[in-house]
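All chains are named by letter (A, B, ...) in the order of the sequence lines, taking the proteins before the strands, and each is independently numbered beginning at 1. Remember, predicted model here, so these are calculated numbers, not experimental data.
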Amino acid sequence: MDFSWIFSYWPLLAAGAVQTVLLLVISVGCGFILAIGLALAQVVGPRWLKLFARGYCTCLRGTPLLIQLWLLYYGVGSLLPMIPGLRASFLWPILREGFFFAAVSFTLNYAAYEAEVLRGALLAVPKGELEAGRSFGMSSSTLFRRIWLPRAIRIALPTIAGEVVLQLKATPLAFTVTVMDLYAVAYKVRQDTLLVYEPLMVVTVFYVCLTLIITRAFKIVEAQVPVRR
Amino acid sequence: MSSSQSLLELLSPYPPGWGGVLLAGALSTVLISLGAYLVGIAIGLAGAIGKLKGNRPVRFVLDLYTTAIRAIPELILIIGLYYAGTDGLNRILAVLGLPAVEINGFVAAVAVLGIVQGAYMTEVFRGAILAIPVGQIEAAAAFGMRPSLRFRRIVLPALMPNALPGLANLWMCVTKDSALIAVVGYQELALATRIAAGNTKHYFLFFLASAALYLAITLISNVVFSALETRFRRGQPKTA
């Protein structure tokens, strides 16, 4: 075991860790908002919207994230330069990066899984609570914002914690599209120093710690709402 | 050359087209997944019995195994096990004075994914065994069945309906995790797609095609698992 390389590589490792966390935060944050829409579409939407949302979830849950990532990065990425003027525009520095494609595909993928969880949770909210809100004269948007959604999120919270951890475990895939996340840094260390296990161990420790932090944080959030059992 | 070919020609299963490569990749994806799944079931059953019946050190080791595997990202596990596994095996062989072996990519992929699946399976089976009404097992013991017979005739059929939803989920996971094997360079659907796309520069077409193949695998598996579930639940009371 030789960990002396850490001293020369720690700035890179720190930058990689930031990239990993950033990917996680972006995909979970944006994905969750998208998932609310998708779940709502499946529960109360008109028929065509229901079908669209169901199809979206089936397709994204039925294909590997790696393929979705490559489809976006290589597929859409190879079509983008054909759009006239895009290469010269201010958007190009962002659209050129693997990070952008990784963030988009992780977000879309997370949204599909999360929408299924939320759909179940929306249906699990006791009907009486919604009727109570309605009888107070709440408009349907207020009812959704104040009662339906918060209750559904509370019901789904343990599952959401699990989904976030799963999403965290998916982030190293970004290294296949040239994102310098923590795993990519470990890969580079391996190539530079020919050490196989030590960099992987450092990455593993980081992921396990992050998992513990996430589960602990969700426990604290869960404890905020008093539940009578 | 690529621009002159039509999309259908590109996807045709015969050599100028890449459809054959993709289908072969899909077949090896299914085979890897099946192999890993069976290895996982074997590890999972053994692990679940060990966790429920084993002594303290056995339980500790199994706890460590399931916790570690479930906490570490799949990609890191696969790469770690792939390199560490082949390297470790050769070191053991060297200690024993045997020549080093080149490990077949298929075997390595099945072993690595099987070890990962085994950890999840252990938990699924443990829960499923715990959900069997204890009276059924006691009845079998009271009739004088030996533990192995009791396991085969009572525990195994009784745990299957409980375990099936979890097993179905794990099958979906392993078909998708097998795409990660592409990263270590064994040719299955994901890598075949990448090669086809890279050669023809029709990235969009080929990735969509392979996504469709994966989706087909998923949808067919869904049908199979719901058929299995009705079969295993026959004779059980239906709850509304």
If you tally heavy-atom pairs under 4.5 Å between each of A/Ala186, A/Pro172, A/Gly62 and chain B, the highest tally belongs to A/Gly62
Within residues 164-181 of chain B, the residues sitting under 4.5 Å from chain A by heavy atom, in sequence order, are B/Lys176, B/Ala179, B/Leu180
A/Lys50, NZ atom: more than 12 neighbouring heavy atoms under 6.0 Å: yes
When the 4.5 angstrom heavy-atom criterion is applied to B/Ala182 and chain A, the contacting part is side chain
Under a 4.5 Å heavy-atom criterion, the part of residues 69-79 of chain B in contact with chain A comprises B/Ile69, B/Arg70, B/Ala71, B/Ile72, B/Pro73, B/Glu74, B/Leu75, B/Ile76, B/Ile79
Contacts of A/Tyr207 meeting side chain to side chain donor-acceptor pair (under 3.5 Å) (sequence neighbours excluded), chain-then-number -> A/Thr171
Residues passing the side-chain contact (heavy atoms from CB on, under 4.5 Å) test with A/Arg61, sequence neighbours excluded, are A/Cys57, A/Ala112, A/Tyr113, A/Glu116
So CG of A/Leu71 and CZ of B/Phe206: to nearest 0.5 Å the spacing works out to 13.0 Å
The interface call for A/Tyr74 against chain B, heavy-atom contacts under 4.5 Å, is both
Distance col, row B/Tyr214:OH vs A/Leu66:CG, nearest 0.5 angstrom, shows 7.5 Å
Would a 4.5 Å heavy-atom cut-off, applied to side chains only, mark A/Thr58 and B/Thr218 as touching? no
In short, A/Leu200 meets B/Gly80 closest at the heavy-atom pair CD1-CA, 3.6 Å
Honestly, the part of A/Phe175 sitting under 4.5 Å from a heavy atom of chain B is side chain
In terms of heavy-atom contacts, B/Ala211 and A/Thr63 come closest through O-CG2, 3.1 Å
message: Counting only heavy atoms not in A/Phe218 (residues, nucleotides, ligands), do more than 12 fall under 6.0 Å from its CZ?
response: yes
Counting heavy-atom pairs under 4.5 Å with chain B, the top scorer among A/Cys59, A/Pro64, A/Ala170 is A/Pro64
Bottom line for A/Val76: the part with an atom under 4.5 Å from chain B's heavy atoms is both
